[in-house]
Amino acid sequence: MSKPSSRDERAARIRELLETEGDAVAANTRGFNRGRYESTADLDDYESLKAEARSIKEDAIERLPDLIDDLRERVEARGGTVYVADDAADANAYVREVVDGENVVKSKSMTTEELDLNDALEADGARVTETDLGEWVIQLADEEPSHIVAPGIHKSREAIADLFAERFDLAEDDRPETAEELTRFAREKLLTEIETADVGVTGANFLTADSGSLALVTSEGNARKTAVVPDTHVAVAGVEKVIPSVEDLAPFVELIGRSGTGQDITSYVSLFTPPTPSPPVRFGGPDEPIADPGTAGGVGAGEPHPERDFHLVLVDNGRLAMREDDDLRETLYCIRCSACSNSCGNFQSVGGHAFGGETYSGGIATGWEAGVEGLDTAAEFNDLCTGCSRCVPACPVGIDIPWINTVVRDRINRGDHGVGDERRDGDPGDGVAGEFDFLVDGLTPDEEPAGLDPAKRLFGNFETLARLGSATAPLSNRAADLGPVRAAMDRWLGVARERDLPKFERETLVDWFRDRGGPRVSESMARREAVVYPDVYTNHVAVDRGKAAVRTLEALGVRVTVPESAAVGSGRAPLSQGMVETARRKAERCRDALLPEIEAGRDVVVIEPSDLAAFEREYERLLPEADAERLADGSYEALEYVYGLLEHGADAGGLTAAETGRDGDGGETGEPVAYHAHCQQRTLELEAHTVAVLERLGYEVTTSETECCGMAGSFGYKSEYYELSMDVGEPLVEQFGDAERVLASGTSCCEQLDALLGDSIEHPIEAIAPEP
Amino acid sequence: MQSDTPDECAAFVANAERHHAAVHRVDPDPDAVASAIADLVAEPAVGVRLPGGLSLPDGVATDPTPADLDAAVTGVTAATLAVADYGSVVVCSDAAGTEAVSLFPDRHVAVVRAGDVVPGMREAMGVLGDRLRAGESAVIATGPSATADMGDLVVGAHGPREVEIVLVEGDRE
């Protein structure tokens with residue numbers, strides 16, 4: 001895999017992958033993702049199965065050394081061997097000794113990819129053949145997997161047909177072309193390899209300590225043949241695959257296929273207790289029955305076949321250290337279903353060849369690569385997690401994947417691991433950089449190391465920039481729009497010149513509220529009291545939506561305040577850049593501003609969903625638990641709050657309702673509106689409230705089918721990611737391109753949709769607010 | 001835990017069909033079972049002797065050699081458990097070669113008793129827990145083998161492309 005070392009190289013690599021692999025990856029991952037929604041919707045107890053799966057993994061990793069001992073005891077009692085390998089070289093040395101240069105067939109195993117086992121075996125002269133069709137394609141093409149479940153997801157059917165024709169020197173008339181023909185061709189070629197193999201190598205999805213069994217979750221049947229036909233079976237698995245009991249498999253079997261490719265269950269869930277009773281199938285031997293003649297089904301079902309040889313290689317390779325690491329430990333709960341890849345906007349566009357490291361790809365790959373390979377490898381792609389959080393509800397074991405990415409980003413920032421220094425690879429000669437140092441150094445007291453990438457520092461300190469921007473508006477806006485300034489910002493700060501920059505308002509929301517004379521609902525008449533949280537964007541840039549929120553709540557009888565003291569950043573911006581300590585400091589300041597309001601009986605109403613997500617999700621990592629809980633409990637998304645008021649009897653009469661039209665039969669029709677909820681808002685399960693309020697006011701709402709718009713806060717502003725960001729948003733153009741009116745909840749979503757649709761996008765609160 | 005309530009068998013049939021397997025319900029009479037199997041067999045066929053007093057029809061060769069396996073169009077085996085929620089059958093990996101016979105031929109005919117149908121995966125794992133701890137191996141098989149790796153979903157990858165399930169009515173023995 002190429003290792004882009006500068007912004008330009010990174011942008012070029014992404015552009016190339018968007019062109020060559022993007023379409024195939026997008027079609028496949030989006031299909032898997034739709035399948036996940038449909039298949040998990042059929043499970044009545046989806047959430048409780050996830051919780052159960054999570055708790056089994058927590059328990060298993062906690063007790064891992066004991067479980068490994070139990071497993072070893074069971075396997076050895078049947079005559080198999082268990083080897084715990086410290087690292088890749090250790091694991092490979094063991095397997096090489098077993099294989100001894102003979103013919104090997106393999107079923108797909110990411111862990112053997114991690115070890116580069118095939119290379120190690122081939123160096124001894126072994127013939128190694130991957131039997132999973134996708135993995136075989138990758139092997140023939142001499143490429144790396146681009147997806148942890150479907151390794152050849154980036155290759156189109158046509159590309160596979162060309163590959164087969166070339167590798168097997170096929171005449172034009174003999175070329176398999178259809179998926180059906182290609183499958184048959186592969187099956188026949190691989191059957192020959194399986195029939196002549198001496199050793200079968202498989203992975204394991206789960207290992208049950210109580211029985212010494214391994215579970216393999218597959219659909220093609222190749223893993224069954226690999227394990228059953230040769231007399232020698234080597235299973236290679238990370239130590240984290242051990243779970244206590246067979247019964248514990250139940251939630252995983254129900255969740256793994258649904259979460260990944262959207263299959264209710266894969267065709268085969270093999271439960272091998274090796275060495276197994278199955279007779280090896282000796283295709284090359286004399287023409288004798290495979291079993292003792294006269295044997296009936298079920299006979300000898302528990303007895304190891306005397307000619308079978310079984311080796312289980314449990315791979316540590318950094319995992320036991322991850323177990324001791326409070327932030328990386330969760331990675332070990334991963335069951336490698338690929339939900340985090342398929343639900344990820346960036347992954348859908350560019351695939352695992354960009355969003356991946358040495359072996360693993362997608363959101364969770366940062367954890368795996370940081371733990372197995374180290375920070376340098378994780379640093380190559382960690383930026384591609386935008387923290388949109390759509391993988392969080394998709395993960396069957398509830399791993400907080402964005403948090404792992406944030407922590408690793410922080411460690412990269414502090415560890416001087418390559419990408420943070422990339423700007424300095426540029427031409428230092430023209431002296432322009434110095435003009436921008438004031439933005440990234442002078443104005444930004446933060447807790448971060450001096451070597452931090454200036455772009456990260458800039459975006460992480462947006463709050464400071466916004467204060468300055470409002471104070472000097474409109475000059476700040478005009479200056480920022482000048483061509484040479486944009487060119488220099490692009491070059492030195494990595495701010496994409498294609499993007500419109502935020503326009504800072506001279507009059508902040510706090511100023512406006514104070515100047516209009518404060519609250520307009522008297523205490524005695526108030527239904528409730530609330531603080532509209534003046535987040536950085538609402539206070540300085542999108543001031544109109546803040547005003548709309550104030551008017552809306554007042555129309556519903558709420559006594560609203562917008563105190564100057566509350567105009568402090570949530571810490572979301574530095575957090576997105578991996579600046580955890582800066583974020584913590586901001587979170588403490590925000591808590592100090594908002595908790596007294598909550599204690600005084602006021603609700604905190606939040607317009608920007610990413611700030612609410614900080615309160616609800618990240619603050620538990622940044623603040624004392626009780627503080628985080630009180631703040632989360634006292635905070636509401638703006639439309640969630642409106643919904644609650646309406647549900648409790650507030651009169652919607654003062655709000656702006658939809659225009660009504662007439663359909664062909666003279667009946668009333670609602671005004672159609674297209675709505676894209678913010679990614680983090682959906683993760684908080686707050687999309688429905690906005691839809692319900694809009695419907696109540698007579699709108700006919702179409703909701704977005706896109707996980708994330710692609711802007712994701714500052715991500716889409718970065719020069720090297722601009723094109724990717726626009727590509728991620730492309731499905732929104734397909735779905736909403738003809739819509740009359742489009743609403744979006746997030747600031748960055750609104751800006752992205754502006755750019756994609758060439759329209760002005762409103763926040764839903766602006767749609768329903770009373771006229772000023 | 002085992003059950004053959006009409007609801008469970010109906011769910012099993014519906015879910016097996018949803019996963020592209022066909023279910024044929026027959027009376028627990030050995031001749032009826034053999035005849036039902038015979039209707040589903042395309043020759044050459046290989047099989048593993050059925051437990052519980054059931055027998056294979058003529059034309060299904062037992063004690064297959066590797067060459068027989070390679071040539072067979074149909075493989076007939078027993079299944080020792082079935083899962084109603086998924087339409088899955090559990091095929092035991094035994095000394096008789098059930099795993100290979102169920103896997104190599106294009107068509108797998110699985111014979112399962114209605115009394116061995118359990119409602120869901122949790123009940124199935126409850127049964128399999130004791131069996132695996134006693135050293136058994138098994139595969140939970142749902143529908144035919146399949147792949148999406150060649151650009152589209154194709155039924156029949158390395159394993160069978162057709163699965164026919166003979167569901168023998170009546171209580172578990």
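Proteins get letters first, then strands, A, B, ... in listed order; numbering begins at 1 in each.
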Does some side-chain heavy atom of [Y] sit less than 4.5 Å from a side-chain heavy atom of [X]?
X: B/Phe104; Y: A/Leu191; result: yes
X: A/Thr266; Y: B/Thr142; result: no
X: A/Thr208; Y: B/Met125; result: no
X: A/Glu303; Y: B/Glu136; result: no
X: B/Leu132; Y: A/Leu271; result: yes
X: A/Pro251; Y: B/Met121; result: no
X: A/Glu247; Y: B/Leu128; result: no

*In this structure, which one of A/Asp132, A/Thr183, A/Ile194 forms a side chain to side chain contact (heavy atoms under 4.5 Å, CB included) with B/His158?*
A/Ile194
With no hydrogens and no angle check, is any side-chain donor or acceptor of [X] less than 3.5 Å from a backbone partner on [Y]?
X: A/Arg74; Y: B/Arg133; value: yes
X: A/Ser267; Y: B/Gly143; value: no
X: B/Ser137; Y: A/Thr273; value: yes

*Check each atom of B/His20 against the heavy atoms of chain A and say whether the ones under 4.5 Å are side chain, backbone, both or neither.*
neither
*Under 4.5 Å, heavy atom to heavy atom: which of residues 82-90 of chain B reach chain A? Give them by number, or say none.*
B/Tyr86, B/Ser88
*State whether A/Asp264 and B/Arg18 are salt-bridged, where the test is any N-O pair (Lys NZ or Arg NE/NH1/NH2 against Asp/Glu carboxylate O) under 4.0 Å.*
yes
*asked:* Tell me whether A/Lys225 is salt-bridged to B/Glu99, with the criterion being a basic N under 4.0 Å from an acidic carboxylate O.
replied: no
*Applying salt bridge (Lys or Arg N to Asp or Glu O under 4.0 Å), name anything that partners A/Glu220, two or more places apart in sequence or on another chain.*
none
*Heavy-atom distances under 4.5 Å only: say whether A/Glu195 touches chain B with side chain, backbone, both or neither.*
side chain
*Indicate whether the side chain of A/Arg224 and that of B/Ser102 have a donor and an acceptor atom separated by less than 3.5 Å.*
yes
